[in-house]
Number of protein chains: 2
Amino acid sequence: MTLIGILLMCESMAGKVISKRLVTVSDVARSAGVSKATAARVLGNYSTVSTEVKDKVLEAAKKLGYQPNELARSMTTGKSNTIGVIVGDIENPYFGLAVRGISDAAASAGFDVVLSNSGEDLTREKAAVRVLLGKRVDGLIVAPSSFKDVEHLHEVQQSGRPLVLLDRTVQGLSVDAVVADDRQAALTATRTLIDAGHRRIAYISATVSDDPVYRGLHQIHLSTVMERIEGVLEASRAAGIESPEQYIRLSVGRRGKGEAIIADLLQGKQRPTAIIASDNLVALQVFKTLHQLGMNIPDDVSLIAFHDADWTSVTSPPITVVSQPVYELGFESAQVLLQRITDPSESPRCRVLSTHLIIRKSVAAPPYV
Amino acid sequence: MTLIGILLMCESMAGKVISKRLVTVSDVARSAGVSKATAARVLGNYSTVSTEVKDKVLEAAKKLGYQPNELARSMTTGKSNTIGVIVGDIENPYFGLAVRGISDAAASAGFDVVLSNSGEDLTREKAAVRVLLGKRVDGLIVAPSSFKDVEHLHEVQQSGRPLVLLDRTVQGLSVDAVVADDRQAALTATRTLIDAGHRRIAYISATVSDDPVYRGLHQIHLSTVMERIEGVLEASRAAGIESPEQYIRLSVGRRGKGEAIIADLLQGKQRPTAIIASDNLVALQVFKTLHQLGMNIPDDVSLIAFHDADWTSVTSPPITVVSQPVYELGFESAQVLLQRITDPSESPRCRVLSTHLIIRKSVAAPPYV
DNA sequence: TTGAAAGCGGTACCAC
DNA sequence: GTGGTACCGCTTTCAA
């Protein structure tokens, strides 16, 4: 019916269909025989208008198929009712779930979400920040791909729009953040393995690095990775394990030679007897590599993976995992952001959501102690 | 350095920090001692400006920390350089992957992506369409949650902005679409099971319905589901199987009593000997239920699942799957959309991307033939 | 309660 | 090559 209205209008205009020109407040006003201001008042429902005039305008609006131009609206008000989100990799179920948390929180507050994918690339992340800021989002949620280079995040703050960090923190910036207790999680996971008798424990991360062999913190760009490595090392050292860092490997991402790196690690003579995988993609690669090598979980190698993806319970053996409150991470970060948008006065806080270990069947005593 | 510029400016303004007011073209023009028009020309890099003036403007812009207001830009040009995307469930890795395809295609053409989540809810989908249209996206990619109710999609077309359907088609609307060959896929999967000796083949879908038992096509809202059911039934009938529809079940989604529905189905006296799962979430539930029931794959029940999620190869047994070109579905749909944005003249086409079966170990002969 | 008009921050067309 | 200015579609004073 609305559609018919549009068609009629278009055709009535000198007989030829004009589909480009959209219906504006002025059009509605003219059609309803009132001023533009009055029409605007009822269409944007602010101020007060007499009931009869209001009806008249509404009717005209419906007849013409009026749709407000949010761009124009945002331009005058300065608010877009939109929050920008920049994640590392939307293909990763981890972020998918977090984004749903964000969407849900935003939607229930009447906010829209604009999503950008940085691909864990700092350059793209910076570009995304510029774009989103350019679109005048009311606030930004970012999972920063580097905790070292934060100039662009600083610019967000300078623009006066609130910023919330998701999943990861950065250095040298006073900003709200919602993260998981990665250090503690790594500590717990490592201790669990140590308690089971392991002394050679590998941590395998997907984080990119020139060298897959860990040489030091300078290779690390993600706060989560750093936290976890520190957690692993702390637990190891507390147990008197010597040079535990020799078993750390990086760059085991989606597109790379991850399985080769894992195979190398497992074929050294002093091979690890247990592996902690930084996410389930890494866990998957460990699984496949182990299978190819004819090794068994948990008899030959024990495994603990970060992130309780739903499938980790149906493998054989089912995988012991660090369960992270991913949805909550997203939901909470959006909550914080919306709060800051409403009232920017409060000072930044870092919220740490806790994880817990879900014990399944992928951890056992090491093959030879 | 940019930041310092901003700070200086703010502080130089009567000593108090003014963070609200953003730098505009006029500000830059004034600072550079040129007209607004000239400044605009270099800042928006159109038309021609002498090199020296250009440098002067650029310098002033950098000093003040000018950031273009894309909203204003879009308003005058009528283009936002943004495409809107509405998917059913971003948490589903299937859509996550498709969205990455879309993002990649869009990014390489200099377009941004605004994402909305319908949650497979028609009302939310309609709202999302309105919002995105209101934000003046240049085009829309939608995975429609119903092929029957398409009024809102019609409105998109009426607005003059191109629309591309992703993964699913609708009825009564001439529109571009990029989908997989679901019917053919279901046909092939079913035949594979029939060839293995199965006569009682269940199709289990996540699509919501009041009644988990299939009574007829009127329960179905998704074109993909319809296509697949038809494929299953056609292959079954061709093999002389009687009333194959008795084994179809619906509503086995994330939040529901999916496992109970599956358990019921498997405990009937004429239980199916093979199952086709509509996605890997369903497959997962089948896996778990079977395990609880003490049944084995493939000895007691054979399984074929739609979507080759990475984990389906590490279960035991690894699952035979219908591999869908999900990333390509997204990438291609964006390509088509961008093409339509550039040149709206061509008439709509439906592109069907082909799937293929990946044989693994979850299919065997039925337990008793 | 209603109307007229001044912006918001750009673009684009017009003279000069 | 540059400057002046009329828009884009809406919100928001300010008067009437």
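Per chain, numbering begins at 1; letters A, B, ... match sequence-line order. Keep in mind the model is a prediction, meaning the values are calculated, not measured.
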*Asks:* Could you state the atom-to-atom distance from CE of A:M75 to C1' of D:dT12 in whole Å?
*Replies:* 14 Å
*Asks:* Over how many whole Å does the gap from B:E70 atom CD to C:dC8 atom P extend?
*Replies:* 19 Å
*Asks:* Whole angstrom is fine here: how far is it from CG in A:L43 over to P in D:dC10?
*Replies:* 8 Å
*Asks:* Within this structure, what is the CD-to-P distance between A:Q67 and D:dC8, rounded to whole angstrom?
*Replies:* 19 Å
*Asks:* For the CZ atom of A:R161 and the OG atom of A:S80, what is their distance to the nearest 0.5 Å?
*Replies:* 8.5 Å
*Asks:* Of all the nucleotides listed (D:dT11, D:dC10, C:dT2), which has the minimum atom distance to the side chain of A:V53?
*Replies:* C:dT2
*Asks:* Which whole-number value in Å describes the distance from B:K79 NZ to C:dA12 P?
*Replies:* 12 Å
*Asks:* Quick one: do A:R168 and A:E120 make a salt bridge, cutoff under 4.0 Å?
*Replies:* yes
*Asks:* For a quick check under 3.5 Å, do A:T24 and A:K36 share a side-chain donor-acceptor pair by atom type?
*Replies:* no
*Asks:* From NZ of B:K56 over to P of D:dG3, roughly how many Å is that when rounded to an integer?
*Replies:* 8 Å
*Asks:* With a 3.5 Å cut-off and no angle check, do the side chains of A:K135 and B:T82 form a donor-acceptor pair?
*Replies:* yes
*Asks:* Output yes when at least one side-chain N/O atom of B:Y66 is less than 4.0 Å from OP1 or OP2 of C:dG10, else no.
*Replies:* yes
*Asks:* Is the distance from OP1 or OP2 of C:dA12 to the nearest side-chain N or O of B:Y46 less than 4.0 Å?
*Replies:* no
*Asks:* With a 4.0 Å cut-off, would you call A:R73 and A:E70 a salt bridge?
*Replies:* yes
*Asks:* Please state how far atom CZ in B:R136 lies from atom C1' in C:dG10, giving the value in whole angstrom units.
*Replies:* 17 Å
*Asks:* Would you please confirm or rule out a distance under 4.0 Å between OP1 or OP2 of C:dA12 and any side-chain N or O of B:T76?
*Replies:* no
*Asks:* OP1 or OP2 of D:dG1 sitting under 4.0 Å from any side-chain N/O of B:T48?
*Replies:* yes
*Asks:* Looking at every heavy atom in both B:V113 and B:S103, which two are closest together, and how far apart are they?
*Replies:* CG2-CA, 4.1 Å
*Asks:* Looking at A:S74, does any N or O in its side chain come under 4.0 Å of the phosphate oxygens OP1/OP2 on D:dC10?
*Replies:* no
*Asks:* In whole Å, what is the span from the CZ atom of B:R73 to the C1' atom of C:dA12?
*Replies:* 14 Å
*Asks:* List for me each residue that meets salt bridge (Lys or Arg N to Asp or Glu O under 4.0 Å) alongside A:K126, sequence neighbours excluded, and say none if there are none.
*Replies:* A:D149
*Asks:* Output the residues of residues 32-41 of chain B in contact with DNA chain D, where contact means a heavy atom of the residue under 4.0 Å from an atom of the strand; sort by number or write none.
*Replies:* B:V34, B:S35, B:A37, B:T38, B:R41
